[in-house]
Amino acid sequence: MPLPIPDSGLDPVQRLVQIMAALRGPDGCPWDREQTHATIRPHLVEECYEVLEAIDAGDPALLQEELGDLLLHVAFHAQMAAERGDFTFRDVAVGIAEKLIRRHPHVFGDAAAADSGEVLKHWQEIKRQEKPERAQEGALAGVPGHLPALMRAQAVQKKAAQVGFDWPDAEGPRAKIAEELEEIAAALRAGEARERVAEEVGDLLFAAVNFARHLKVDAETALRDASAKFEARFRGVEEAARAAGKAVGAMSLEEMEELWQRQK
C-alpha cells in the first residue's frame, strides 16, 4: 500500500525531512533503508563536484537542481543520525545559524571590520575561542585529510601563514620553484630511485601551489582550467587530423605540433 505523500503545503524543508523519514521507514525504500553514513559518502563527494560543474557552466537551473541533490545528502545524513538519537536536521540548521551569528560580530554585534581581511581575522580568532583544544593539536589542525592534493597543500600553507610561517612576498616561492627544478634534475643525473624523484616532484608541486597562493590564484581552479584548455585544444588537433584523413596516433610529433599551434 502506498505511503501518503507529505503535504505540499508544508514548509519545503520540513516536507523534505518528512519524505526522507518515510524513505527510511519500515515501509519505505529498501535501498534507502540499507544506507549508512559510510555507504553514501562517495555519492556526497560526487554531488559536491556536480555543484562545482554547474557553477562553472553558469547555468542557474542546473545549479538549483544540483544544490537540491546536495541538500538531499544533508537530509539523508541527518535522518540517519536522528534514528540513532545523535542529532536531527533541526539541530544542524540551528547549529549553523548560531555559528554564523557568533562569527559575524561585525554584523550582529558591536565589532568593526573595515574589509574582508579583518573579517577573516575575527573569524579565525572566534574559531580558536570556540575550539581551544585545537591549539594543542598545532597550527595545522583542522585541515581535512581527504581534500584534493592541491587544495590541501594550499590549506596547510594558509594555516602556517596565519602564525607567521610564510614568505613575505611571491619572490620566495618563485625562487623555490627554480630550486626544486634543479633538485629534480640532480636526482635524475644521479640516477636516484623513482621514489626519490617522486619526492622532489612533490616538493616542486607544493612550491608551485605556494607561488599561486601568493599571487592570489587558487591552484585547484587554475589547474582545472588549464586541463580544460588542453583538452579543448587536443580535441581540435584530433578534429584537424580527421579532416586531413589521418589518425593522431599515426602522425609524427612534428605534424601534431603543427596542428597544436594552429589551435592556439
Side-chain angles (χ1 to χ4, degrees), residues 1-105 107-108 119 123 126-127 130-131 133-134 141-152 154-155 218 220-221 223-225 227-228 231-232 235:
M1 181 176 178
L3 295 177
I5 298 174
D7 187 357
S8 60
L10 286 171
D11 172 83
V13 173
Q14 185 58 37
R15 188 168 188 250
L16 171 62
V17 170
Q18 288 192 11
I19 291 170
M20 198 67 248
L23 292 174
R24 289 277 298 177
D27 298 319
C29 172
W31 186 89
D32 289 304
R33 289 201 310 268
E34 291 173 359
Q35 302 314 305
T36 66
H37 292 301
T39 60
I40 64 171
R41 177 184 176 280
H43 302 292
L44 172 58
V45 174
E46 180 182 336
E47 293 299 345
C48 288
Y49 279 107
E50 289 182 1
V51 168
L52 294 179
E53 287 188 4
I55 292 172
D56 290 343
D59 185 334
L62 180 60
L63 179 57
Q64 176 186 326
E65 178 184 352
E66 297 300 346
L67 286 173
D69 291 344
L70 187 57
L71 181 58
L72 165 62
H73 278 266
V74 177
F76 208 146
H77 282 283
Q79 175 60 32
M80 290 187 290
E83 293 163 6
R84 293 166 49 95
D86 295 335
F87 59 83
T88 66
F89 190 101
R90 183 180 185 279
D91 295 329
V92 174
V94 168
I96 188 59
E98 293 301 321
K99 180 188 288 187
L100 287 172
I101 292 170
R102 194 167 59 247
R103 293 191 182 180
H104 288 81
V107 177
F108 301 107
V119 170
W123 182 281
I126 295 168
K127 190 174 180 180
E130 291 173 350
K131 300 180 179 180
E133 69 279 4
R134 283 278 176 87
V143 178
H146 292 290
L147 283 176
L150 290 183
M151 290 179 66
R152 191 163 195 275
Q154 189 165 264
D218 180 78
E220 189 79 21
T221 301
L223 182 57
R224 185 173 66 248
D225 291 347
S227 297
E231 183 179 2
R235 285 178 174 172

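Counting from 1, the numbers follow the sequence of the chain as shown. Keep in mind the model is a prediction, meaning the values are calculated, not measured.
No donor-acceptor distance shorter than 3.5 angstrom exists from the side chain of R15 to the backbone of G9, with no hydrogens or angles considered. A donor-acceptor distance shorter than 3.5 angstrom exists from the side chain of Q35 to the backbone of W31, with no hydrogens or angles considered. At distances below 3.5 Å, not a single donor-acceptor pair connects side-chain atoms of R103 with backbone N or O atoms of I126. A donor-acceptor pair is defined here as one N or O able to donate and one able to accept, closer than 3.5 Å; no such pair exists between the side chain of D56 and the backbone of E53.
The environment of R102 atom CZ is dense: over 12 non-hydrogen atoms of other residues, nucleotides or ligands sit within 6.0 angstrom. Counting non-hydrogen atoms of other residues, nucleotides and ligands closer than 6.0 Å to CZ of R235 gives a total of 12 or fewer. Atom CD1 of I96 sits in a crowded spot, with more than 12 heavy atoms from other residues, nucleotides or ligands closer than 6.0 Å.
A heavy-atom distance below 4.5 Å is found between the side chains of H77 and I40. Annotation: side chain of R24 is in contact with side chain of F76 (closest heavy-atom distance under 4.5 Å). E34 has its side chain out of reach of T39: every pair of non-hydrogen atoms, C-beta onward, lies at least 4.5 Å apart. Between L70 and E50 the shortest side-chain heavy-atom distance does not fall below 4.5 Å. Between H146 and V45 the shortest side-chain heavy-atom distance does not fall below 4.5 Å. Side-chain contact between M20 and V17: absent, with no pair of heavy atoms (C-beta onward) separated by less than 4.5 Å. Contact check for L67 versus Q64: no side-chain heavy atoms found under the 4.5 Å cut-off.
Taking CG of L72 as the reference point, atom CD of Q79 lies at 11.5 Å (rounded to 0.5 Å). L150 contributes atom CG, which lies 8.5 Å from atom CD of Q154 (distance to the nearest 0.5 angstrom).
Here the closest non-hydrogen pair linking R33 and G28 is NH1-O, 3.1 Å. Residue A22 comes nearest to L3 through the heavy atom pair O-CD1, 4.0 Å, listed as atom of the first residue, atom of the second, then distance. Between G58 and P60, the shortest heavy-atom contact is O-CD, 3.3 Å. Residue Y49 comes nearest to P148 through the heavy atom pair OH-CG, 3.1 Å, listed as atom of the first residue, atom of the second, then distance.
Using a 4.0 Å cut-off between charged side-chain N and carboxylate O, E130 and K99 make no salt bridge. Salt-bridge annotation for R224 and E220: absent, with no side-chain N of the basic residue lying under 4.0 Å from a carboxylate O of the acidic one.
Using bins of under 30°, 30° to 60° and over 60° for the plane-to-plane angle, the ring pair H104/F108 lands in the perpendicular bin.
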